[in-house]
K.L.:
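Before we start, here is the structure in question, set down as structure tokens.
Just so you know, ligand 1 is whichever comes first in the structure, and atom 1 is the first atom listed for that ligand.
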Amino acid sequence: MLVSAKEMLTKAKEGKYAVGQFNINNLEWTKAVLLTAQENNSPVILGVSEGAGKYMGGYHAVVGMVNGLMEDLKITVPVSLHLDHGSYEGAFKVIEAGFSSVMFDGSHYGIDENIEKTKEVIKAAYEKGLSVEAEVGAIGGEEDGVVGGGEVADPAECKKIADLGVTMLAAGIGNIHGVYPANWTGLRFDVLADIEKTVGTSMPLVLHGGTGIPDDMIAKAITLGVAKINVNTECQLVFAEATRKYIEDGKDKSGKGFDPRKLLAPGYEAIKAKVKEKMVLFGSVNRA
Ligand code: 13P
């Protein structure tokens with residue numbers, strides 16, 4: 001059964017580790033993440049962007065696929081199905097469709113509008129037992145057409161949103177989606193420390209743009225209160241690389257190598273290896 005992310009993130013915050021949010025795109029992706037979590041006895045969050053939700057047919061299709069896989073694969077670790085960077089309208093749609101967690105990203109609104117809309121999402125989500133992530137300070141980079149300028153969040157604004165009673169809070173600290181440019185100057189740990197101090201030490205903080213952040217920065221972010229880390233692009237890159245190698249090696253032209261169950265297998269295994277690597281790095285192994 002899908003669960004809200006509240007309990008797993010409260011435990012992660014207390015235990016000084018982080019739970020990974022891995023974005024899913026299709027059945028192979030979902031199966032890879034779920035089985036890796038089960039094999040490593042780790043809690044996990046499945047992230048679905050609005051674009052990915054549409055790609056998979058819609059939110060009901062996603063809920064049906066995830067629930068079905070969990071039952072058939074006998075997944076017993078805590079799994080949360082979470083809307084990633086939800087719009088105001090999108091948030092209400094997933095609450096209705098059966099997600100167990102929702103991010104309302106109002107970071108592109110002014111703080112007052114962000115507060116008002118976040119409040120309404122919280123009310124609807126909590127009535128149905130979902131966890132809620134809100135965001136302050138847009139994450140840089142581009143994700144599914146949503147382009148953010150890479151702001152650094154204001155701790156006072158973070159407190160205003162945290163005080164609404166959100167389950168977890170995403171704050172921009174120089175992190176961006178996708179691969180980091182060569183001239184990236186790193187995470188703003190001074191701001192992260194300030195945010196943690198201002199919002200209170202029990203609030204699980206969320207680090208977006210997990211792809212390409214060096215391991216030592218991940219470890220430091222966790223010591224400063226990050227309890228949820230989002231990873232998307234890295235899984236896409238290893239999937240594409242493994243699939244390309246299979247085709248460049250001519251394997252699709254040998255025997256029944258064109259069978260999608262064979263063609264997609266190396267990419268599937270690459271996602272599993274990447275997710276395991278991140279679970280070890282984040283410290284969530286054996287925390288289910
Ligand atoms: P990356 O694609 O950079 O890993 O970011 C993922 C993310 O933050 C999803 O919200």
K.L.:
Can you give me the closest heavy-atom contact between Pro181 and Ile176, atom names plus distance?
P.N.:
CD-CD1, 3.5 Å
K.L.:
Which ligand 1 atoms does Val231 reach within 4.0 Å, using its non-hydrogen atoms?
P.N.:
4 (O)
K.L.:
Which atoms of ligand 1 have any heavy atom of Asp84 under 4.0 Å away?
P.N.:
9 (C), 10 (O)
K.L.:
I'd like to know whether ligand 1 has Gly210 as a neighbour, heavy-atom separation below 4.0 Å.
P.N.:
yes
K.L.:
Given Asn23, Ile229, Thr233, Val206, which has its nearest heavy atom closest to atom 2 (O) of ligand 1?
P.N.:
Thr233
K.L.:
Working to the nearest 0.5 Å, report the span between CD of Glu135 and CZ of Phe104.
P.N.:
10.0 Å
K.L.:
Hey, could you give me the OG/CG distance between Ser49 and Asn23, rounded to the nearest 0.5 Å?
P.N.:
6.5 Å
K.L.:
Inspect the surroundings of OH in Tyr88 and state if more than 12 heavy atoms from other residues, nucleotides or ligands are less than 6.0 Å away.
P.N.:
yes
K.L.:
Less than 3.5 Å between some nitrogen or oxygen of Gln21 and one of ligand 1, yes or no?
P.N.:
no
K.L.:
Distance under 4.0 Å to a non-hydrogen atom of His85: what atoms of ligand 1 satisfy this?
P.N.:
10 (O)
K.L.:
As an exercise, identify every atom of ligand 1 less than 4.0 angstrom from a heavy atom of Gly209.
P.N.:
1 (P), 3 (O), 5 (O), 6 (C), 7 (C), 8 (O)
K.L.:
Is there a polar contact, in the sense of an N or O pair closer than 3.5 Å, between Gly178 and ligand 1?
P.N.:
yes
K.L.:
Which residues pass the side chain to side chain contact (heavy atoms under 4.5 Å, CB included) test with Thr76, sequence neighbours left out?
P.N.:
Gln38
K.L.:
Enter the distance from Ile122:CD1 to Ile161:CD1 here, rounded to the nearest 0.5 Å.
P.N.:
8.0 Å
K.L.:
Quick one, His85 and His208 - any side-chain contact, counting heavy atoms below 4.5 Å?
P.N.:
yes
K.L.:
Looking only at distances, please establish whether an N/O atom of ligand 1 is found under 3.5 Å from an N/O atom of Glu234.
P.N.:
no
K.L.:
I need the atoms of ligand 1 closer than 4.0 Å to a non-hydrogen atom of Asn232, numbered in the order shown.
P.N.:
1 (P), 2 (O), 4 (O), 6 (C)
K.L.:
Please could you name the atoms of ligand 1 that His208 approaches to less than 4.0 Å, counting only its heavy atoms?
P.N.:
8 (O), 10 (O)
K.L.:
Where's the contact between Thr211 and ligand 1, heavy-atom distance under 4.0 Å: side chain, backbone, both or neither?
P.N.:
both
K.L.:
Please list every donor-acceptor pair under 3.5 Å in which a side-chain atom of residues 209-220 meets a protein atom from a residue at least two apart or in another chain.
P.N.:
from: Thr211; atom 1: OG1; to: Thr233; atom 2: N; distance (Å): 3.4
from: Thr211; atom 1: OG1; to: Glu234; atom 2: N; distance (Å): 2.9

